[in-house]
**Q** 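Structure incoming, see below.
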Amino acid sequence: MGHDVEELSQVLRVRQEKLKALREKGVEPFEYSFDPTKRSTEAISVFEASESTGSLSDKGYGNVERIGGRVVSWRDMGKSLFAHLEDGQGRVQVYFRKDVLGDEEYEALDLLDLGDWIGTEGNMFRTRSGEVTIRAQSWKLLTKSLRPLPFGKVETDAQTGQRVVHSGFADQEMRYRQRYADLAVNPEVREVFRLRSRVITSLRGFLDSQGFLEVETPVLQPLYGGAAAKPFVTEHNALSQTMYLRVADELYLKRLIVGGLDRVYEISKDFRNEGLSRYHNPEFTMLEWYQAFTDYDSQMQLVEEMVQHVLDEVVGGRSVMLGETEINFNGSFDKLGLIDSLSEALGADVHTMDQKALRSKAEELQIPDLEGAGTGKLIDKLFGELVEPSLVQPTFVVDHPKELSPLAKEHRSDPRLTERFELYIGGAEVFNGFSELNDPIDQRSRFETQMSLRAAGDEEAHEIDEDYIRALEYGMPPTGGVGMGVDRFVMVLANQQSIRDVILFPILRSEE
RNA sequence: GCCCCGCUAGCUCAACUGGUAGAGCAACUGACUCUUAAUCAGUAGGUUCGGGGUUCGAGUCCCUGGCGGGGCACCA
């Protein structure tokens, strides 16, 4: 922003001039407070109630209210004027009349713009065209807006009653960079984030009701782990020590199970230093929980209950639309063996295929970047190519290869596999859980396998966490645990195509 | 990191093979005391993302840089 008014574009200059004019009239353009009697929608409801009980005045006036809000529409008709105010609840029309306000207070309305915050007081009434409106007896500027918000023109379709926006704020980049403007002009964006908040409240309520304890574990960690991911690295000055932003909460939460906090959960921001996509933001919200004495079967049961609980509470039904597809959460979710489903897709038994056979299949399918991929990775790639895209309805994929799951317990009936599940919804992995590996000796050897992968160039492989092994040596009871991608779950419930549309301030490159 | 597409007025978008950069909304001036994409008349508003090049002439073509979107890679 330039200090020199001359340099400003026309639209900004005009507002600076109005600001100056207001100050010259002795009007404070940035008020300290306001005391509304109600918010918009509530004021309308009260009016409608008295309307139905026939308790309006002879002239049709109802309750007197003071309402504060942002001016979002403006129709000047000379000696009277209609505007809409929007507040945290909704919007309400205001009717200004010259003969009611008097010349001076009416003419001062000229100094207002779309985007200004004002307060007004008057009776509620219903206009000839049927809209419940506040008839302004007085008004007051609360905050002058010095920069025009990119409002579109809003039409209500006469047939459907649908809100239609003409030439609204659509530039994706600006909507993310200036989320405040996006929220200010696009009420449906505000709704997405209200929904997100309700989802998190509901998840928390569910776990609390099941006797889980919400805890907080370190974001800054001397050693990261719990996921195959590259970390963000930082430095603690006083300790002169390298610290990592967590990639998962897993290892700390399981230390708490060792400590006897037998049902714990954490809602956390995790950080993974990797690329961006419609399913990946480097900073994202994870819910992880661990429950002693359970295995992955009972955790799948719990996930199902939890998902249905949230649907019932937040959506009010067991299905949602995701794009053109209806996602149905009723009943038990399907279960697919990872190896079995891949075998079927390949038309060959994956268990009998060696690394070479898997590789040639992958090459046949022209799957890129196979260099250095071991058996587990090849299976993962093939599965991602052949099976994953079809997992639109909620589906548990179960029993992953050991190599891919260094923290999961060996499968009780197949030593090549682990007791692990992932729940896919809309083609994306949303939940991931397993029977937790609690044998410290097995855990050490898994870490050692990871170290050799690391030595072979896999930057995401785990390092050995000696302190974690020490904890397991004290004894961790049989435990089931689950991690949940909260953002991805919200995407499904809010019918959003990109993770950026459910994160208020997604990561973007700096403007300069 | 790679591929494709995009970036023009405050916002949403035009501008055929290179030939004076336009419209709607917003803004400004004026009219209008129940409007609601209000309406009507008029006015103003531009570093066409930055830099370089080709050309008599570049929003348009070439090179280069920036940012974004989509895809790929990466992603227990």
Side-chain angles (χ1 to χ4, degrees), chain A residues 8-15 17-18 72-84 91 93-100 106 110 113-115 125-131 133 135 147-158 163-177 181 185 225-230 247-248 250 270 272-282 284 286 288 367-371 376 380-381 384 400 403-408 418 420 422 428-429 432-434 450 458-462 481 483 485 497-498 500 508-512:
Chain A
L8 298 177
S9 72
Q10 181 192 47
V11 287
L12 297 181
R13 195 171 57 239
V14 166
R15 296 203 176 197
E17 282 160 4
K18 285 179 180 175
V72 294
S73 76
W74 193 259
R75 290 174 297 283
D76 182 351
M77 308 192 51
K79 296 189 180 63
S80 75
L81 189 160
F82 289 89
H84 275 96
R91 54 172 65 192
Q93 183 169 250
V94 191
Y95 180 41
F96 298 97
R97 287 176 63 103
K98 192 168 190 173
D99 58 4
V100 173
Y106 187 81
D110 281 344
D113 287 292
L114 288 180
F125 77 111
R126 191 179 286 277
T127 65
R128 240 170 251 164
S129 49
E131 181 165 352
T133 298
R135 189 171 184 274
R147 181 178 289 272
L149 280 164
F151 288 111
K153 283 274 187 174
V154 180
E155 177 186 19
T156 307
D157 189 292
R163 192 184 123 95
V164 184
V165 180
H166 301 271
S167 55
F169 189 40
D171 185 291
Q172 286 297 339
E173 178 176 358
M174 280 201 286
R175 289 184 50 209
Y176 296 143
R177 283 196 196 284
V185 304
K230 279 177 263 184
V247 298
E250 176 153 355
D270 289 354
R272 297 185 185 176
N273 207 337
E274 51 198 37
L276 290 79
S277 81
R278 54 188 282 246
Y279 291 113
H280 297 88
N281 194 63
F284 65 101
M286 177 96 116
E288 286 191 39
I367 297 174
D369 295 273
L370 296 169
E371 291 158 55
D380 194 40
K381 289 250 182 203
H400 297 58
E403 188 184 332
L404 294 175
S405 316
L407 301 166
T418 54
R420 177 173 169 197
E422 294 176 309
E429 177 198 341
N432 174 43
F434 29 89
Q450 289 289 308
D458 184 348
E459 288 180 78
E460 274 115 33
H462 265 90
Q497 303 294 325
S498 169
R500 294 186 188 95
L508 294 175
R509 231 180 270 264
S510 300
E511 280 185 82
E512 296 299 328

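Nothing here was measured: the structure is a model prediction, and the numbers come from that model. Throughout, protein chains are lettered first and strands after them, A, B, ... in sequence-line order, and every chain is numbered starting at 1.
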**Q** Considering just the side-chain nitrogens and oxygens of R509(A), establish if one lies under 4.0 Å of OP1 or OP2 belonging to C67(B).
**A**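 R509(A) to C67(B) OP1/OP2: side-chain N or O found under 4.0 Å.
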
**Q** Taking donor-acceptor contacts at under 3.5 Å, does the side chain of S73(A) reach the base of U36(B)?
**A**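 Check fails, no donor-acceptor contact within cut-off.
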
**Q** Given atom CD of E173(A) and atom P of C7(B), what is their separation to the nearest angstrom?
**A**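 E173(A) atom CD is separated from C7(B) atom P by 13 Å.
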
**Q** Base, sugar-phosphate, or nothing: which does D171(A) touch, judged by heavy atoms less than 4.0 Å apart?
**A**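 D171(A): backbone/sugar contact only, no base atoms under 4.0 Å.
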
**Q** State, to 0.1 Å, how close G115(A) and L149(A) come at their nearest heavy-atom pair, and which atoms those are.
**A**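 Of all heavy-atom pairs spanning G115(A) and L149(A), the closest is CA-CD1, 4.3 Å.
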
**Q** Please give the distance between the P atoms of C67(B) and U54(B) as a whole number of Å.
**A**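 Approximately 28 Å lies between the P atom of C67(B) and that of U54(B).
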
**Q** Where the side chain of R272(A) meets the backbone of V247(A), is there a donor-acceptor pair that is under 3.5 Å apart?
**A**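 The answer is yes, because a donor-acceptor pair under 3.5 Å joins these two groups.
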
**Q** Quickly work out the F151(A) CZ to A26(B) P distance and round it to whole Å.
**A**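 Going from F151(A) (CZ) to A26(B) (P), I get 12 Å.
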
**Q** Look at the side-chain N and O atoms of R272(A) and state whether any lies under 4.0 Å from the OP1 or OP2 oxygen of C74(B).
**A**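 Indeed not, no polar side-chain atom of R272(A) lies that close.
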
**Q** Quantified in whole Å, what is the C1' atom distance between nucleotide G45(B) and nucleotide C28(B)?
**A**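 These two C1' atoms come out 10 Å apart once rounded.
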
**Q** For atom P, what is the distance between U64(B) and G46(B), given to the nearest Å?
**A**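 To the nearest whole Å, 33 Å.
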
**Q** Pairs under 3.5 angstrom, nitrogen or oxygen only, protein versus nucleotides 44-48 of chain B, please.
**A**
residue: A44(B); atom: O2'; partner: Q10(A); partner atom: NE2; Å: 3.4
residue: A44(B); atom: N3; partner: Q10(A); partner atom: NE2; Å: 3.4

**Q** Which atom names give the shortest non-hydrogen contact between R177(A) and S510(A), and what distance separates them?
**A**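 Looks like NH1-C, 4.2 Å.
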
**Q** Judged by atom type as modelled, is there a donor-acceptor pair below 3.5 Å linking the side chain of H462(A) to the main-chain atoms of A228(A)?
**A**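 Such a contact is absent between H462(A) side chain and A228(A) backbone.
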
**Q** Could you pull out all residues at least two apart from K18(A) that satisfy side-chain contact (heavy atoms from CB on, under 4.5 Å)?
**A**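 With neighbours one apart ignored, the set is V14(A), L111(A), D113(A), K144(A).
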
**Q** Measuring from the side chain of F82(A) (C-beta onward, heavy atoms only), which nucleotide among C34(B), G71(B), G10(B) has the closest atom?
**A**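 The closest nucleotide is C34(B).
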
**Q** For C74(B), does OP1 or OP2 lie under 4.0 Å from any side-chain N or O of K381(A)?
**A**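 For C74(B), OP1 or OP2 has a side-chain N or O of K381(A) closer than 4.0 Å.
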
**Q** Can you tell me if the side-chain N/O atoms of R177(A) get under 4.0 Å from OP1 or OP2 in G68(B)?
**A**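 Affirmative; the distance criterion is met.
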
**Q** Say we look at C56(B) and G24(B): how far apart would their C1' atoms be, to the nearest angstrom?
**A**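 Per the computed distance, 36 Å lies between those C1' atoms.
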
**Q** Please round to the nearest 0.5 Å and tell me the distance separating atom CG of D270(A) and atom CD of E250(A).
**A**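 The distance works out to 10.5 Å.
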
**Q** Just call it for R126(A): base, sugar-phosphate, or nothing, with non-hydrogen atoms closer than 4.0 Å on any strand.
**A**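 Counting heavy atoms under 4.0 Å across all strands, no contact is made by R126(A).
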
**Q** Indicate whether OP1 or OP2 belonging to U36(B) is found under 4.0 Å from a side-chain N or O atom of K153(A).
**A**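 No, outside the criterion.
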
**Q** Kindly give the heavy-atom pair with the smallest separation between S405(A) and H400(A), and that separation in Å.
**A**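 Nearest pair, atom of S405(A) first, then H400(A): OG-CB, 3.7 Å.
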
**Q** Which atom names give the shortest non-hydrogen contact between P282(A) and E274(A), and what distance separates them?
**A**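 Minimum heavy-atom separation between P282(A) and E274(A): CG-O, 4.1 Å.
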
**Q** Does a nitrogen or oxygen in the side chain of R147(A) sit under 4.0 Å from OP1 or OP2 of C11(B)?
**A**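 For R147(A), the contact criterion (side-chain N or O under 4.0 Å from OP1 or OP2 of C11(B)) is not met.
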
**Q** Taking the inter-plane angle between the rings of F82(A) and Y95(A) on a 0 to 90° scale, is it parallel (under 30°), tilted (30 to 60°) or perpendicular (over 60°)?
**A**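 If you compare the ring of F82(A) with that of Y95(A), the planes turn out parallel.
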
**Q** Could you state the atom-to-atom distance from CZ of R135(A) to C1' of U33(B) in whole Å?
**A**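 Computing the R135(A):CZ to U33(B):C1' distance gives 11 Å.
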
**Q** Roughly how far apart, to the nearest Å, are A38(B) and C32(B) at atom C1'?
**A**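 11 Å, rounded to whole Å.
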
**Q** For the backbone of D171(A) and the side chain of Y176(A), can you confirm whether one donor and one acceptor N or O come within less than 3.5 Å of each other?
**A**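 No, because the side chain of Y176(A) does not come within donor-acceptor range (under 3.5 Å) of the backbone of D171(A).
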
**Q** Mind checking if L81(A) touches a base, just sugar-phosphate, or nothing, with heavy atoms under 4.0 Å?
**A**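 No contact.
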
**Q** Starting at CD of Q93(A) and ending at P of A37(B), how long is that distance when rounded to a whole Å?
**A**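 My rounded result for the distance is 11 Å.
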
**Q** Would you kindly give the CE-to-P distance between M174(A) and G68(B), to the nearest whole Å?
**A**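 Atom-to-atom, M174(A) to G68(B), this comes out as 13 Å.
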
**Q** NA contact type, L404(A), heavy-atom cut-off 4.0 Å: base, sugar-phosphate, or nothing?
**A**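 Touches sugar-phosphate only.
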
**Q** CZ of R15(A) versus P of C11(B): gap in Å, rounded?
**A**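 Distance, rounded to whole Å: 13 Å.
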
**Q** With a non-hydrogen cut-off below 4.0 angstrom, is A229(A) in contact with a base, only sugar-phosphate, or nothing?
**A**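 A229(A): no heavy atom of the nucleic acid under 4.0 Å.
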
**Q** U12(B) and G1(B): how far apart are their P atoms, nearest whole angstrom?
**A**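 My reading of the P atoms in U12(B) and G1(B) gives 28 Å.
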
**Q** Please report the distance, rounded to the nearest Å, between CD in E155(A) and P in G24(B).
**A**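 It works out to 18 Å between those atoms.
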
**Q** Is a donor-acceptor pair below 3.5 Å formed from side chain E131(A) to base U35(B), judging by atom type as modelled?
**A**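 No pair found.
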
**Q** Can you tell me which stems RNA chain B forms when a stem means 3 or more consecutive Watson-Crick or G-U pairs under 3.5 Å?
**A**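 Stems for RNA chain B, defined as runs of 3 or more consecutive pairs: B:1-7 with B:66-72, B:10-13 with B:22-25, B:27-31 with B:39-43, B:49-53 with B:61-65.
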
**Q** Please check if the side chain of S129(A) supplies one atom and the backbone of T127(A) the other of a donor-acceptor pair under 3.5 Å.
**A**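 No, the answer is negative, given that no donor and acceptor are paired below the 3.5 Å cut-off.
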
**Q** Between G19(B) and C61(B), how many Å separate the two C1' atoms, rounded to a whole number?
**A**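 Those two atoms are separated by 14 Å.
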
**Q** Grab the CZ-P distance between R75(A) and A38(B) for me, whole Å please.
**A**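 Between P of A38(B) and CZ of R75(A): 6 Å.
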
